[in-house]
Every structure is written in structure tokens, then in C-alpha cells.
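Small disclaimer: the values here were computed from a predicted structure and weren't measured. Note that these values count all heavy atoms, side chains included, but never hydrogens, waters or copies made by symmetry. This chain uses plain numbering: 1 for the first residue, then up along the sequence.
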Amino acid sequence: AALQALKRKKRYEKQLSQIDGTLSTIEFQREALENSHTNTEVLKNMGYAAQAMKKVHENMDLNKIDDLMQDITEQQDVAQEISDAISNRAAFGDEFDEDELMAELEELEQEELNKGMKDVRLPSVPSTSLPSRPGKLFAFNFMFLMIEACCKKRAEDEDEMKQLAAWAS
């Protein structure tokens, strides 16, 4: 009975393998048919598109299109020339030499900078001897004094720049 059951099992396995192969073949055929149908639809739609493009283009003449594009380009050039002409400064005040004006401006800036350098006050040097190893409080005070001096200098520089800007305009 066991031998018969084993033979039956082998037969069923063989039938299962054959059925599986048949199903694979059918699945392959189904996919090929779907692809063929899709390709047919794509080709048909491409034909419709080609016909539509022909219909649209049959009233167009390449020479007319080239002429139209040249006209557009010419009109764009004219518009650019007009825009350039309008946006160029009028020649008012051009009687001065730009290089001379720049040299004079640089000279004035240098004078202002020199005046500012005369008013720079450096912190006084301590008359007492410094400790061999400064404490944290000394380092903090020193940093505070340096920051304060920088802030004053920056404020003075900003005031000078405002004065120079007011003078220049």
C-alpha cells in the first residue's frame, strides 16, 4: 500500500509539473497578446497624431515662417535699441573728468582717515607691575576694556562715514 501511495505521489508530482509548465506557457502567451494589443494601440495613436500634425502643418509655409521669425528678430532688435537709448544717462554733468573726480575723492577720504587717526586714544600703560599670572578678574577686565575701545572706535568710524556720505551727496 505504501509503494502504491509513493507511485501515486510521483504521478501527481509529474502531473503537477506538467500543469505548471502549461500554465507558464499560457501566461507567457497572455502577456505576449497584451503586449501586441498595446503595441497596436500605440501604433494606431501615432498614426492619428501624424495625420493631425499633417493637417495642422498643411497651411504653414516654411518660407513664411522664416520671414515671420526674421520680422520678430528685427522688432526685438529695434525694441532693444529703444530701451538702450532711453536707459542711457543724458550727458548732463559729463564736463568733468571721471579720473580726476575719483582721485579727488580718494584724497578727501585719506584726509578724513588721517584726521580720525589723530584722535585715536590708546589705553594708558599700567604703572604698577603686572602679576606673574593674571587672575580671571584681571583677564575679564582687560577683555571688557578692549571690547569697549573697539565699540567706541566703531561708533566714531560710523559717524565719520555718515559725515562723509552727507558731504558727498
Side-chain angles (χ1 to χ4, degrees), residues 28 31-169:
F28 177 75
E31 289 174 3
L33 284 172
E34 284 178 0
N35 288 339
S36 295
H37 179 69
T38 302
N39 290 341
T40 302
E41 288 298 315
V42 167
L43 190 60
K44 193 182 335 178
N45 287 325
M46 288 174 72
Y48 294 148
Q51 288 173 358
M53 287 176 70
K54 272 184 185 177
K55 196 174 240 181
V56 168
H57 291 143
E58 75 184 13
N59 292 332
M60 292 186 188
D61 180 17
L62 270 162
N63 293 329
K64 288 180 183 178
I65 292 171
D66 286 339
D67 292 341
L68 178 64
M69 294 308 294
Q70 286 177 349
D71 289 345
I72 290 172
T73 302
E74 288 173 10
Q75 291 308 311
Q76 286 176 339
D77 291 342
V78 169
Q80 184 63 43
E81 289 176 14
I82 292 170
S83 177
D84 290 345
I86 290 173
S87 65
N88 283 340
R89 281 185 348 164
F92 302 122
D94 283 347
E95 63 269 5
F96 302 109
D97 182 21
E98 287 286 326
D99 293 333
E100 289 178 14
L101 290 175
M102 288 303 292
E104 187 176 343
L105 180 61
E106 287 176 9
E107 186 178 317
L108 290 171
E109 288 174 347
Q110 187 62 42
E111 286 177 16
E112 287 294 320
L113 184 60
N114 290 343
K115 284 181 188 176
M117 293 302 285
K118 288 178 185 176
D119 296 334
V120 172
R121 292 182 185 91
L122 297 174
S124 60
V125 178
S127 58
T128 60
S129 62
L130 296 173
S132 60
R133 185 171 179 181
K136 289 182 181 178
L137 184 59
F138 173 77
F140 176 76
N141 286 337
F142 179 73
M143 287 181 62
F144 179 75
L145 288 174
M146 293 303 291
I147 291 171
E148 186 177 38
C150 287
C151 290
K152 285 181 183 177
K153 178 66 177 148
R154 178 177 281 163
E156 290 172 3
D157 289 345
E158 287 175 0
D159 288 342
E160 289 175 4
M161 288 303 291
K162 286 178 186 175
Q163 289 172 357
L164 183 60
W167 177 82
S169 59

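Residues satisfying the side chain to side chain contact (heavy atoms under 4.5 Å, CB included) criterion with D159, sequence neighbours excluded, are absent altogether. With sequence neighbours excluded, the residues satisfying side-chain hydrogen bond (donor to acceptor under 3.5 Å, both in side chains) with E34 are R30. When the side-chain hydrogen bond (donor to acceptor under 3.5 Å, both in side chains) test is applied to D61, no partner is found at least two apart in sequence or on another chain. Shown here are the side chain to side chain contact (heavy atoms under 4.5 Å, CB included) partners of I82, two or more places apart in sequence or in another chain: V78, I86.
Nearest heavy atoms, E160 versus E112: OE1-O, 4.4 Å.
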Under the side-chain contact (heavy atoms from CB on, under 4.5 Å) criterion, do E107 and E111 qualify, and how do the steps go?
CA-CA 6 Å; E107 186 178 317; E111 286 177 16; 3.8 Å; yes
Please report the C-alpha distance between D157 and R154 in whole Å, then the side-chain angles of each, then the deciding distance to 0.1 Å, and finally whether the side-chain contact (heavy atoms from CB on, under 4.5 Å) criterion is met.
CA-CA 5 Å; D157 289 345; R154 178 177 281 163; 5.6 Å; no
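The stretch residues 62-81 participates, sequence neighbours left out, in these side-chain hydrogen bond (donor to acceptor under 3.5 Å, both in side chains) pairs: Q80-D84.
In this structure, T40 contributes its side chain and S36 its backbone to a donor-acceptor pair below 3.5 Å.
Around atom CD of E109, more than 12 heavy atoms belonging to other residues, nucleotides or ligands sit under 6.0 Å away.
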Using distance only, find each side-chain donor-acceptor pair of residues 41-59 under 3.5 Å and give its atom names and separation, not counting sequence neighbours.
{"from": "E41", "atom 1": "OE2", "to": "K44", "atom 2": "NZ", "distance (Å)": "3.3"}
{"from": "N45", "atom 1": "ND2", "to": "E41", "atom 2": "O", "distance (Å)": "3.2"}
{"from": "H57", "atom 1": "ND1", "to": "M53", "atom 2": "O", "distance (Å)": "3.1"}

